[in-house]
S.K.: 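First, the structure itself, so that you have it in front of you.
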Amino acid sequence: MKSVSRSRRTGLGALGLVAFVALWEISLRLGLLPGNLVPLPSAIPTVFWGEVVDGIWWEVVSSSLSHYSVGVAIGSLAGIAMGVAAALLPVFDALHAWLARLLRPIPPLAWIPFAIIWFGITPSAAAFIISIGVFWINYFASYSAVRAVDPGYDEVARAFGQGSLLARLTKVSLPAAAPGILGGLRAGLGQGWMTVVAAELFGIPGIGQRMMEASGLLATDIVVVYMLTIAALYALFDLGFLHLQKRLLIWTP
Amino acid sequence: MDTLTAERNADACVLKAHDLALGFGGQRVLEHVDLRLAPREFIAIVGASGVGKSTLLRALCGLLPAVAGERWLDESPRDGARPWSMVFQAPRLFPWRRIRANVALGLEGLGLSREERQRRALAPLELVGLGDMPERFPSTLSGGQQQRVGIARALAVKPRVLFMDEPFSALDAITRRRLQNELIDLRQRTEAAIVFVTHDIEEAVLLADRVMVLGGHQGGAPARVIDTLEITLPTDNRREHADFGAQVHHLETLIGAVPEAS
Ligand SMILES: Nc1ncnc2c1ncn2[C@@H]1O[C@H](COP(=O)(O)OP(=O)(O)OP(=O)(O)O)[C@@H](O)[C@H]1O
Ligand SMILES: [Mg+2]
């Protein structure tokens, strides 16, 4: 297969996107697609602007963002802490290995009943649900990253008076495992958006709730506005994180 | 030479091993090792690949617990220094640290200020000829340069006993010759006793006061000390000395690298 140059790839990607939207628009205008089931792409910017002017867009986005950031922060911190601890402390690892295997397959949304019982219909409930998926991703990523660290580095640390658990953690385990831990963090940032909408479907204000309202009114254009909003927010966070990752890992060849 | 012999006789000692046995998982690799190392003494350990040289070094410094026997190293504290340090067979630099920070690793936790650590890391880097690249990352260095950083890292902590595991074997002949000369020179200026593993017999005769030969591990038996040889050449210009070749040859026959002289 012939490889495609970078600028050519960008051009082709843009072309594909534009063609898709154009095809969609034309099909609707020709009556090939039912207008009550899918919105007109050309109408989306106006609808988006309407949501912004009404103040609804910023209101739901900011409340979703707060669920998202609290959930991702808690899930990531707890996941990394538990994963690193399990990798470094064999007894702790063995103690909770079965428990982790038991809880791991339970999807975050299956925790909704408990979230409501424990937190009520509150932002904390949404943050809790978001944190669960993020937790597991970070837990396994940091566990395997720390486990994969060359034991030779630990020997070097011990040879140079850095053999205490704390010194080995900060001077060997964390920096050596940083690429894997950051990879988990990035995957968790994505996973957080996957659950944020679902976590808001049962009445907590946010993007998810607004989308449910819109679908009740068959306002498919509003639904699409928020789908694109999520895609844009994800891209923004991912880009920001990639930038940070590059700065933290300047030592990688 | 005379002062060294005197010191050893006066029972000054920085490292002792008595009837040391080493192994992994019930399998003995090395047995019956006895050793006494005087301050500033230089002992070379030679032997074939897989005989247990690296294993012995790790046991002598305390990184590897012995299966049997005793080992003692003078760990009495000194300001801004560590009792021992090691040049590993593979450089094992921390890829996430810059060169200077790699060299400063052992200086952390000694109560030195940040400036002091930076300064003390630079001197050994200059000694190994890498004073011009302290801010680079290890991945941008050649294998031989990385090995030299490993040497600088071990020198930085001013050890009482310096363990070196084939430190020059990855270097080109010119750099190796230069660092061998630096090491001979360094011995005049440091207090460190040196335990130096090599498979290069010439190098052992060139550098050491004593050479310990490991062997006898054929057929799966644990290796042992076959012989310990005093090198009686003057420290300066050994290579040019008339007896240099003879001592090298004698050692080679001991190891079995060449057949017994006819
Ligand atoms: N961690 C380990 N687990 C099990 N066996 C080991 C381990 N490390 C070394 N050995 C065994 O111990 C023996 C001695 O190994 P060692 O690395 O000390 O040899 P060496 O003399 O340093 O060899 P070389 O000159 O090739 O470096 C070998 O047979 C090796 O297989
Ligand atoms: Mg070895």
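Chain letters run A, B, ... following the sequence lines, proteins first and then strands; every chain starts at 1. Owing to the predicted nature of the structure, the values given are computational and were not obtained by experimental measurement.
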S.K.: Which residues, numbered in order, of residues 93-120 of chain B come under 4.5 angstrom of chain A by heavy-atom distance?
M.R.: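 Listed by number, the contacting residues are B:L93, B:F94, B:P95, B:W96, B:R97, B:R98, B:L105, B:G106, B:E108.
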S.K.: For B:E70, is the CD atom crowded, meaning more than 12 foreign heavy atoms sit under 6.0 Å from it?
M.R.: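 Open: at most 12 neighbouring heavy atoms sit under 6.0 Å from CD of B:E70.
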S.K.: Within the supplied structure, the quantity of interest is the number of heavy atoms (other residues, nucleotides, ligands) at a distance under 6.0 Å from B:D79 CG; does it exceed 12?
M.R.: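 12 or below, so no.
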S.K.: What part of A:A176 gets closer than 4.5 Å to chain B, counting heavy atoms only: side chain, backbone, both or neither?
M.R.: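 Both parts, backbone and side chain.
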S.K.: Might you confirm whether atom CH2 of B:W72 has over 12 heavy atoms from other residues, nucleotides or ligands at distances under 6.0 Å?
M.R.: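 Enclosed: over 12 neighbouring heavy atoms sit under 6.0 Å from CH2 of B:W72.
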S.K.: Could you check whether any side-chain heavy atom of A:W251 comes within less than 4.5 Å of a side-chain heavy atom of B:S139, counting everything from C-beta outward?
M.R.: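 A side-chain contact is absent here, since even the closest heavy-atom pair is not under 4.5 Å.
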S.K.: Determine the minimum heavy-atom distance between A:F160 and B:S85, stating which atoms define it.
M.R.: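 Answer, listing the atom of A:F160 first, then B:S85: CE2-CB, 4.0 Å.
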S.K.: Should the heavy atoms of other residues, nucleotides or ligands under 6.0 Å from NE2 of A:H96 be counted, would the total exceed 12?
M.R.: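 Buried by this count: over 12 neighbours within 6.0 Å.
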S.K.: Enter the distance from A:R158:CZ to B:M86:CE here, rounded to the nearest 0.5 Å.
M.R.: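 It is 10.0 Å, given to the nearest 0.5 Å.
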S.K.: So do B:F137 and A:T252 actually touch side chain to side chain, heavy atoms under 4.5 Å?
M.R.: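 Of all side-chain heavy-atom pairs linking B:F137 with A:T252, none is under 4.5 Å.
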S.K.: Within the supplied structure, the quantity of interest is the number of heavy atoms (other residues, nucleotides, ligands) at a distance under 6.0 Å from A:F92 CZ; does it exceed 12?
M.R.: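 Counting other residues, nucleotides and ligands, CZ of A:F92 exceeds 12 neighbours.
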S.K.: Rounded at 0.5 Å granularity, tell me how far CD in A:E155 sits from SG in B:C61.
M.R.: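 If we round to the nearest 0.5 Å, A:E155:CD and B:C61:SG are 7.5 Å apart.
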S.K.: Might you confirm whether atom CZ of A:R9 has over 12 heavy atoms from other residues, nucleotides or ligands at distances under 6.0 Å?
M.R.: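 No - once you tally the heavy atoms of other residues, nucleotides and ligands closer than 6.0 Å, there are 12 at most.
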S.K.: May I ask you to check whether over 12 heavy atoms, not counting those of A:R104, lie within 6.0 Å of atom CZ?
M.R.: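 Enclosed: over 12 neighbouring heavy atoms sit under 6.0 Å from CZ of A:R104.
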S.K.: Where on B:R153 is there a heavy atom nearer than 4.5 Å to chain A: the side chain, the backbone, both, or neither?
M.R.: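 The answer is both parts of B:R153.
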S.K.: Check side-chain contact (heavy atoms from CB on, under 4.5 Å) between B:S49 and all other residues, then give those that pass, not counting sequence neighbours.
M.R.: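 For B:S49, no residue satisfies side-chain contact (heavy atoms from CB on, under 4.5 Å) once neighbours in sequence are set aside.
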S.K.: Pick one of side chain, backbone, both or neither for B:R92, based on which atoms fall under 4.5 Å of a heavy atom in chain A.
M.R.: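 Contact with chain A is through both the backbone and side chain of B:R92.
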